[in-house]
Amino acid sequence: MTMSEILDDEGWFSEEAATFGDRLAGAREAERLTQAELARRVGVKLKTLRGWEEDLNEPRANKLQMLSGILNVSLRWMLTGEGTGVEAPTEAPDDAPDIRDLLLEMRDIKSQMARSSEQLARLEKRLRKRLEGTVA
């Protein structure tokens with residue numbers, strides 16, 4: 001998919017152009033809430049909300065329904081990008097595509113870092129178990 005397809009006004013938050021996490025973050029930002037504020041209102045830890053926005057985890061049905069209500073978007077939009085949701089951002093000056101390219105690249109790197117961090121934690125846990133086995 002090309003950048004122009006991703007940024008097309010009609011498909012900005014569509015299932016093909018955006019993930020659940022993208023739609024969640026977009027709706028949160030449209031409501032001018034921080035991650036911490038939304039996490040508190042939903043009754044979850046900040047780490048949990050970040051996991052949802054980074055597509056590392058998905059909320060349970062009851063939390064999904066709460067998010068939909070708090071963010072004033074339909075449940076269907078949260079899941080698929082169809083229905084009542086957040087409008088696509090208005091076009092900025094000529095440098096907007098460059099800025100969006102950078103933001104998308106930064107999002108990808110952030111997701112990669114989160115996955116790598118989790119992988120590192122699992123490896124460290126395995127190593128500790130092995131070391132404990134040799135000491136005992």
Side-chain angles (χ1 to χ4, degrees):
M1 178 173 292
T2 66
M3 193 62 178
S4 61
E5 289 171 321
I6 292 172
L7 299 177
D8 177 40
D9 281 350
E10 293 177 17
W12 179 264
F13 287 110
S14 71
E15 198 161 17
E16 296 81 30
T19 65
F20 168 80
D22 294 331
R23 287 187 289 277
L24 175 58
R28 177 183 54 76
E29 290 167 0
E31 290 295 313
R32 298 180 181 204
L33 293 170
T34 66
Q35 286 181 328
E37 290 169 332
L38 182 56
R40 184 179 42 77
R41 289 183 67 180
V42 176
V44 297
K45 294 180 180 181
L46 178 58
K47 179 180 177 180
T48 301
L49 183 77
R50 285 185 179 143
W52 296 343
E53 287 192 4
E54 293 170 5
D55 294 305
L56 299 173
N57 302 304
E58 295 178 354
R60 292 184 180 170
N62 63 332
K63 297 298 183 185
L64 187 58
Q65 196 167 18
M66 287 178 70
L67 288 166
S68 162
I70 291 168
L71 299 173
N72 297 311
V73 295
S74 70
L75 199 54
R76 183 174 170 211
W77 182 85
M78 290 286 290
L79 295 171
T80 66
E82 297 175 6
T84 306
V86 175
E87 295 296 318
T90 57
E91 190 61 40
D94 293 334
D95 61 351
D98 291 336
I99 292 171
R100 288 188 181 140
D101 285 342
L102 290 171
L103 289 172
L104 285 174
E105 188 174 348
M106 288 170 61
R107 178 170 170 68
D108 286 343
I109 291 170
K110 185 177 175 186
S111 293
Q112 290 171 10
M113 288 174 59
R115 285 191 301 273
S116 295
S117 176
E118 288 180 357
Q119 183 180 10
L120 183 59
R122 285 191 302 270
L123 290 171
E124 183 179 10
K125 186 176 180 179
R126 283 178 45 202
L127 178 60
R128 287 181 191 273
K129 283 184 179 181
R130 284 188 121 177
L131 291 175
E132 288 171 3
T134 59
V135 173

Euclidean distance, S74 OG relative to E82 CD, rounded to 0.5 Å: 9.5 Å

Nearest atoms (heavy-atom pairs only) where W77 meets G83: CD1-O, 3.8 Å

More than 12 heavy atoms from other groups under 6.0 Å of CD on Q65: no

Partners passing side-chain hydrogen bond (donor to acceptor under 3.5 Å, both in side chains) against R115 (at least two apart in sequence or in another chain): none

Nearest non-hydrogen partners of F20 and W52, listed with the distance: CD2-O, 4.1 Å

Shared hydrophobic cluster for M78 and L56 (ILVMFWY, side-chain gaps under 4.5 Å): no

Flag, side chain of T84 to backbone of V73, donor-acceptor distance under 3.5 Å: no

pair I109-E105: side-chain heavy atoms closer than 4.5 Å: yes

Under 3.5 Å, sequence neighbours excluded: what are the donor-acceptor pairs made by side chains of residues 37-51?
unit_1: E37; atom_1: OE1; unit_2: T34; atom_2: N; d: 2.8
unit_1: E37; atom_1: OE1; unit_2: T34; atom_2: OG1; d: 3.4
unit_1: R50; atom_1: NE; unit_2: Q35; atom_2: OE1; d: 3.1

Partners meeting salt bridge (Lys or Arg N to Asp or Glu O under 4.0 Å) with R128 (sequence neighbours left out): E124

Gap separating the CD atom of E132 from the CG atom of L127, nearest 0.5 angstrom: 10.0 Å

Sub-4.5 Å side-chain heavy-atom contact between N72 and E31: yes

Sole residue of R28, E29, R23 in side-chain contact (heavy atoms from CB on, under 4.5 Å) with L71: R28

Over all atoms of both residues, closest heavy-atom pair of P59 and L67: CG-CD1, 4.1 Å

Validation row: R126, R122 side chains within 4.5 angstrom (heavy atoms): no

